[in-house]
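Both counts, for ligands and for their atoms, begin at 1 and track the order of listing.
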Amino acid sequence: MIRLPKIECFTTSGGVKIYRIPCEVFPGFVAFAHLLFGAGPLTLVDVGSGYGHSDEHLLAGLETVRDKFGEKFQVADIQRIIITHGHIDHFGGLRGIAQHMPDAVIGIHSLDRRVLSHYEQRVIVATKSLRFYMQRAGVNPDDQAELLMWYGFSKKHVHNFDVGFTMADGDEIDGMRFIHTPGHCPGQVCIGIDEVLLTADHILPLTTPHQAPERITSYTGLGHYFESLDKVARIPGYELGLGGHEGPMRDIYGRIVDIRRSHEKKLDQVMAIVNESDGPTIQQITDKMYPRVEGFHVLLALEEVGAHVEYLYQHGDLVVCNVEEIEREDNPALRFIIA
Ligand SMILES: [Zn+2]
Ligand SMILES: [Zn+2]
């Protein structure tokens, strides 16, 4: 087990107390849940993955808030659970956690609602889309099977949950301002509370949040992500960012500039690789950009590169060069050249 970071408490200018509770959601990988006092009924934002020690960490963290920080509450007093987006490291703990909060109503953005309400069919449909995508990306059949295995590995222990309410862009609920920021995930929301922004996985202080092609899931993709970065950049006054992973951010706006730059660099890298190759597939571009990845990271790399290739294709910087094959075959790999 890793050593978790300490629980921290931030109080906003309007008096909302935000407790930041770490959980090890996958081996060596930490995510934060946030417990809010003063934003309407007692509210928990995200619940960890439900994998390994995640539930245990979250429940122990809630007890620490009571016992060490002196907040007078019981876990069963939590009335509302908000899920920032439909990724397993943020909602997978619902099964083990929500049973301790019998009165809690669950909320999520409507574009991720079915991830909670119809999880099993959603995984089946998404897995099929991923298979088509891998064929199109030129992944060889043996590797396809392995990548699908990785895709499915963390998704077995989750069930369906009743969604009590959905949030839409611009909603204000009990002092929480919801900003819909699709890209990393279709229903990704950031939550503004006074001068604090819970950025979930939209903006992280160290990591450039993972991107996948819209071809696999609508409302993801780099185009949506850039628009969502711009959207947050246009809202002034956030002085502290608390993401779903890693430490607090004092300069959200500067971080947005850096993240954008990192993607622009990757777009340039893709263009350079295509320029020096002979009509490469997404797989071949990925092999050059990420030659040393293993396991689950192979899939992440393929999606990340796929998102960048898709963006360049959408904007007419890249075109396909095997049109006859595409016309003739069922779902062949696309090969790209500079337009
Ligand atoms: Zn995520
Ligand atoms: Zn995450």
Side-chain angles (χ1 to χ4, degrees), residues 2 4-5 20-34 44-55 57-58 61 81-94 97 107-109 111-116 119 122-123 126 130 150-151 153-155 157-158 167 178-191 197-214 216-222 224-226 228-229 232 241-249 252 255-256 259 262-263 296-297 299-304 306-307:
I2 56 162
L4 290 173
R20 197 163 151 74
I21 303 170
C23 319
E24 186 181 27
V25 286
F26 293 120
F29 185 56
V30 172
F32 292 91
H34 294 92
L44 181 63
V45 178
D46 288 342
V47 293
S49 67
Y51 184 86
H53 297 283
S54 179
D55 288 356
H57 288 164
L58 179 50
I81 299 173
I82 292 171
I83 302 296
T84 59
H85 66 295
H87 282 169
I88 199 91
D89 51 326
H90 298 258
F91 78 89
L94 276 176
I97 295 294
I108 190 164
H109 189 277
L111 289 178
D112 282 350
R113 169 163 58 181
R114 70 185 191 290
V115 180
L116 299 191
Y119 186 76
R122 194 257 161 192
V123 168
L130 182 61
W150 279 111
Y151 183 72
F153 116 97
S154 61
K155 299 184 165 56
H157 64 293
V158 178
M167 301 88 74
F178 290 93
I179 310 168
H180 181 217
T181 51
H184 170 75
C185 191
Q188 174 79 72
V189 292
C190 294
I191 308 171
L197 188 66
L198 301 182
T199 60
D201 284 4
H202 180 49
I203 305 165
L204 296 172
L206 304 172
T207 305
T208 301
H210 176 63
Q211 303 302 318
E214 199 172 357
I216 304 175
T217 308
S218 330
Y219 283 93
T220 62
L222 207 53
H224 285 291
Y225 184 63
F226 282 161
S228 295
L229 286 178
V232 174
L242 301 175
H245 309 275
E246 304 169 351
M249 287 171 278
I252 295 175
R255 183 60 191 141
I256 289 174
I259 289 174
S262 138
H263 284 299
F296 188 56
H297 292 275
L299 179 60
L300 294 183
L302 189 75
E303 289 182 338
E304 184 77 25

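In terms of modelled atom types and a separation under 3.5 Å, the side chain of D89 and the main chain of F26 share no donor-acceptor contact.
Under the salt bridge (Lys or Arg N to Asp or Glu O under 4.0 Å) criterion, E304 pairs with K266, not counting sequence neighbours.
D201 and H85 share a side-chain donor-acceptor pair at under 3.5 Å.
Note on the Zn ion (ligand 1): protein N, O or S atoms under 2.8 Å away count 4, no waters included.
Aromatic ring centres of F178 and H109: separated by at least 6.0 Å. Between H224 and H180, the distance separating the two ring centers is not shorter than 6.0 angstrom.
If you take CZ on F29 and CD1 on I2, they are separated by 10.0 Å, rounding to the nearest 0.5 Å.
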